[in-house]
Amino acid sequence: MGNRKKVITILGSIRESSINTNILENLASFFTGNIDYPIYDKIGEFPHFNPDLDNEKGPKGIEEFGQELNEADALIFCTPEYARSIPGVLKNTIDWLVSSGQLLNKTVAIIMTSPMVAGGEKAQVSFLQTLEMLNANVVKDGTLVISSVGTKLNSKGEAIDEDTRLFLELVVESIITEIKKKKAPLA
Ligand SMILES: Cc1cc2nc3c(=O)[nH]c(=O)nc-3n(C[C@H](O)[C@H](O)[C@H](O)COP(=O)(O)O)c2cc1C
């Protein structure tokens, strides 16, 4: 890759000791070379979505977030399941992105986590429906559910389960493969 790439990761949990934060911090080790990998952890600061405020600029935080998204080559969401869907704070964020079409064709991967044996899948289905409606480009092998998360990762978010480590690596590889396909803009 000739130019630098940027993969923004977006946390679906705003809890201080979030396991999803740990996962994203550890995921950085799978990225090599000229890829910037900022973790976006401010979605809790966004106002409630209101169509009356959803104009060209939008509220301040949303406007800045939109600019960051425009600069990103890909996004990785990492989120818990709440009440069998994505947390409201993440849905709120997505609602702010609907009218601008900012997820249109955006290269996306999603990682869902759950402490439960069968958790995370319902949220994945729900989130995929939303992303499909917005025509995001969810990459092949870029969807992962980590159920029983407490048995698969240690307290630092490092995978202690080999399959989980390989699947996390695959998510990153699938994102890198996709962004490599995109041509660098002409200088
Ligand atoms: C309001 C609420 C609803 C939840 N609903 C579900 C659920 O439907 N399925 C599930 O697997 N876990 C559910 N959980 C458990 C979360 O997945 C768990 O708290 C998770 O570790 C939070 O991730 P975090 O450590 O990144 O904050 C719920 C937790 C809360 C607080």
Side-chain angles (χ1 to χ4, degrees), residues 6-31 36-50 61-62 64-65 68-69 72 74-97 103 106-134 136 138-139 141-175:
K6 190 179 204 179
V7 177
I8 297 184
T9 56
I10 300 169
L11 263 172
S13 172
I14 56 172
R15 204 167 67 85
E16 202 175 321
S17 316
S18 161
I19 182 79
N20 287 279
T21 311
N22 295 342
I23 292 172
L24 285 183
E25 282 170 357
N26 276 288
L27 216 58
S29 64
F30 295 130
F31 281 94
D36 293 327
Y37 174 82
I39 298 177
Y40 195 88
D41 59 359
K42 297 191 195 74
I43 64 171
E45 294 170 19
F46 295 157
H48 290 158
F49 176 72
N50 179 347
I62 298 295
E64 286 162 5
F65 181 58
E68 292 203 39
L69 289 192
L75 308 176
I76 300 179
F77 292 89
C78 188
T79 178
E81 176 173 275
Y82 274 10
R84 298 195 168 176
S85 186
I86 56 172
V89 69
L90 179 56
K91 181 60 167 57
N92 183 56
T93 304
I94 301 293
D95 287 346
W96 279 113
L97 304 176
L103 292 184
K106 196 61 128 181
T107 300
V108 168
I110 62 171
I111 301 168
M112 328 296 296
T113 66
S114 168
M116 299 180 200
V117 176
E121 283 176 19
K122 298 272 191 320
Q124 187 194 53
V125 170
S126 165
F127 199 18
L128 284 173
Q129 281 177 348
T130 301
L131 292 170
E132 186 187 339
M133 186 266 172
L134 299 176
V138 181
V139 294
D141 296 325
T143 57
L144 175 61
V145 174
I146 310 177
S147 53
S148 301
V149 67
T151 66
K152 299 189 179 146
L153 303 164
N154 64 20
S155 57
K156 292 183 201 150
E158 297 158 341
I160 48 174
D161 170 66
E162 183 58 8
D163 283 349
T164 302
R165 197 184 64 77
L166 291 172
F167 280 127
L168 283 167
E169 235 177 64
L170 192 58
V171 167
V172 172
E173 270 172 30
S174 65
I175 283 285

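All ligand and atom numbering here is 1-based and tracks the order in the structure. No hydrogens, no waters, no symmetry mates; every other heavy atom, side chains included, goes into these values.
For the pair Ser13 and ligand 1, the shortest N or O to N or O distance falls below 3.5 Å. Considering backbone and side-chain N/O atoms, Thr113 never comes within less than 3.5 Å of an N/O atom of ligand 1. For Pro80, no nitrogen or oxygen atom sits less than 3.5 Å from a nitrogen or oxygen atom of ligand 1, counting backbone and side chain alike. At under 3.5 Å, not a single nitrogen or oxygen of Pro115, backbone or side chain, sits near a nitrogen or oxygen of ligand 1.
In this structure, Ile146 and Met112 have side chains that are not in contact, with every pair of non-hydrogen atoms separated by 4.5 Å or more. Looking at Phe30 and Arg165, their side chains come closer than 4.5 Å, going by heavy atoms from C-beta outward. The closest side-chain heavy-atom distance from Tyr37 to Val172 is not below 4.5 Å. Side-chain contact between Ser114 and Glu121 is absent, with no heavy-atom pair separated by less than 4.5 Å. When side chains are defined from C-beta on, Leu170 does not count as touching Leu144, because their heavy atoms never get closer than 4.5 Å.
At a heavy-atom distance under 4.0 Å, only side-chain atoms of Arg15, from C-beta outward, approach ligand 1.
The closest protein non-hydrogen atom to atom 19 (O) of ligand 1 is Tyr82 CE1, 4.6 Å. In this structure, atom 11 (O) of ligand 1 lies nearest to the protein heavy atom Ser114 OG, 2.5 Å. With hydrogens left out, the protein atom closest to atom 14 (N) of ligand 1 is Glu81 O, 3.3 Å, a heavy atom.
Note: Phe65 and Phe46 have tilted aromatic rings, judged against thresholds of 30 and 60 degrees for the angle between ring planes.
Annotation: Glu162, atom CD; neighbour count of heavy atoms from other residues, nucleotides and ligands within 6.0 Å is above 12.
Applying the 4.0 Å criterion to heavy atoms of Ala83 picks out, from ligand 1, the atoms 3 (C), 4 (C), 5 (N), 6 (C), 7 (C), 8 (O). Atom numbering of ligand 1 starts at 1 in the shown order; those under 4.0 Å from a heavy atom of Asn20 are 23 (O), 24 (P), 26 (O). Near Arg84, the atoms of ligand 1 lying under 4.0 angstrom from a non-hydrogen atom of the residue are 7 (C), 8 (O). Counting the atoms of ligand 1 from 1 in the order shown, those under 4.0 Å from a heavy atom of Gly119 are 11 (O).
Atom NZ of residue Lys91 and atom OG1 of residue Thr79 lie 13.0 Å apart, to the nearest 0.5 angstrom.
Shown here, atom 8 (O) of ligand 1 is in close reach of the protein: a heavy atom of it lies under 4.0 Å off.
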